[in-house]
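When a residue number appears, it is its place in the shown sequence, counting from 1. Keep in mind it's a predicted model, so treat the numbers as computed, not measured.
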Amino acid sequence: MGTTRKSLFGRMGAMAGLGLALSGCVAFMPDRIHYVWEPDETAAPTTEIVSHDQFVGLAFSGGGSRAAYFAAAGAEALNEAGLLEEVTHISSVSGGSMAASYLATRPPEACGPRDVPCTRAYFDAYKATMRENYFWPMEWGQITKPNRFLSPTRRISSLQNAFDTKYLDEKTFGDLPSSRVLLINAASYDDGRRFVFSNRPIANGGQTDLPLSKDTLRSRNFSTSACAYPTPDDFPIALAVASSAAFPPALGPVAIEVPPACGETQTQYWHLGDGGILENKGVETLQEILLLNTQTPAPPKRAVIFSFDAGKQDSLERNLANRDLRLWTSDPGRVVSITNQRADAYWQIVWEQAKARLDIPVTIINIRYTDHIPTEWPESCKGRIRKGSIEDALNAVPTRFSITPCDAGLIEASARLGVARAVAEHRDTLVELK
């Protein structure tokens, strides 16, 4: 009864906060500038983000803690297959950015290739961190700090604090190891383009004749046509993760103040939010970086992208047959899965045209959590009252900043099954990576 009451009060509180945000009751709070960037105009331009003999990308989708846990379990399965150490680029969206930032700031390679107990303990801690409840620490930050109460822009700071407290320890982009490229995706509310936080500069200024020369198809980032920059060394990683997950209107937007530099004559204010509203898989950014790298003097010889997709996939038939409007009000994130269908269709056309002009083999391995249904209930689900099938339970895992042990068990089983099938299907291609 206590658990049920707590759950009920939690839902009521969340809906009340969302209702207040939607009603405009947060307008009395002044907007917040989350970061002020002071660019160094002496930075040398660059045409590439980083150069590798082979390009191995890891894409973690949005989907709250469901996506974060799916990504962590998938990373563990890749590690057991001897493939995680080959990854050169990690791209993430929303909930997947939690998993990406953990992997980037605490790489498992520190254990050593033969230290099995250390590696097992590492992934146990990794998955446990992705199972943490991040919703309540965020809301507690709102309640205990009156200057944040009911403010979506300041709720970002509360979420940032929750990530720092749980696992990021106030690390910044300057603390990231140089062994991998981290790409955290948000959305620019100013021009509708992807915005990418990265520990390496991303070429930005029409250096290629590929279809990505169209500005609307390329990401925005801290580089400009006149100056090339990575995300500043002092930029908090937790703020980038929170930006990537800032689903409107309850969270964000994040505001970055940019004083005049590199040919600009006035101060700019960048407004950023949930990257999933534009592209929820994180794959587009990896494809963009790959296309840019193929234009460099030392292009990669091959490319493989692993896409761990924990985003919801809506059924048109289900939507058209639905009469209960709670289907939408109980899960506002459903809008992402709908709007992304059109964006995915356009991008696929662009990518197929660009890919046809590449001189290297490219393999994209898609692993969707609902495509790999476990045959048995995990131990974490046993002894619980269950309704419906395992497939029904997997499809019903919600998009939240928390996940139950049973749901986590289902997600992990799906990730392991998906990686096993991918390794078997693409065995010849993956052998070449090692």
Check your understanding: Do S188 and H271 touch side chain to side chain, with heavy atoms closer than 4.5 Å?
Key -> no
**Study point:** N221 side chain reached by Y229 side chain, heavy atoms, under 4.5 Å
**Key:** no
Practice item. For residues L286 and S91, report the shortest heavy-atom separation together with the two atoms involved. Key: CG-CB, 3.5 Å
Check your understanding: Minimum heavy-atom separation for L394 to P374, with atom names?
Key -> CD2-CD, 4.3 Å
**Study point:** Residues D169 and R106 bridged, charged N to O under 4.0 Å
**Key:** yes
Check your understanding: Is any side-chain heavy atom of I289 closer than 4.5 Å to a side-chain heavy atom of V181?
Key -> no
Check your understanding: Quick one: which of Y269, F197, W270, F235 gives a ring pair (Phe, Tyr, Trp, His ring centres under 6.0 Å) with Y35?
Key -> F235
Point to revise | Within-4.5 Å side-chain heavy-atom neighbours: N293 and P299 | key: no
Check your understanding: Heavy atoms, side chains only, cut-off 4.5 Å: are L78 and L58 in contact?
Key -> yes
Point to revise | Presence of salt bridge, E109 and R180, under 4.0 angstrom | key: yes
Exercise for review: Run the salt-bridge test on R194 and E279 with the 4.0 Å N-O cut-off and return the result as yes or no.
Suggested key: no
Review point. So do the side chains of T294 and D359 get within less than 4.5 Å of each other, counting heavy atoms only?
Key: no
Check your understanding: Is any NZ, NE, NH1 or NH2 atom of the basic residue among E412 and R416 found under 4.0 Å from an Asp or Glu carboxylate oxygen of the other?
Key -> yes
Review point. If you draw a 6.0 Å radius around CD in Q268, do more than 12 non-hydrogen atoms from other residues or ligands fall strictly inside?
Key: yes
Check your understanding: Of all heavy-atom pairs between V36 and I33, which one has the smallest distance, and what is that distance?
Key -> CG2-CG2, 4.0 Å
Revision key, fill the gap. Heavy-atom nearest pair, T399 first then R66, reads OG1-NH1, 2.9 Å
Exercise for review: Could you check whether the rings of F222 and W37 sit parallel, tilted or perpendicular, using 30° and 60° as the cut-offs?
Suggested key: perpendicular
Review point. What closest approach, in Å, do V362 and K355 show between heavy atoms, and which atom pair accounts for it?
Key: O-NZ, 3.8 Å
Review point. Are any non-hydrogen side-chain atoms of E85 and N79 less than 4.5 angstrom apart?
Key: no
**Study point:** Residue pair V241 / M98, side-chain heavy-atom distance below 4.5 Å
**Key:** yes
Review point. For the residue pair I237 and S101, what are the closest heavy atoms and their distance?
Key: CG2-CB, 3.9 Å
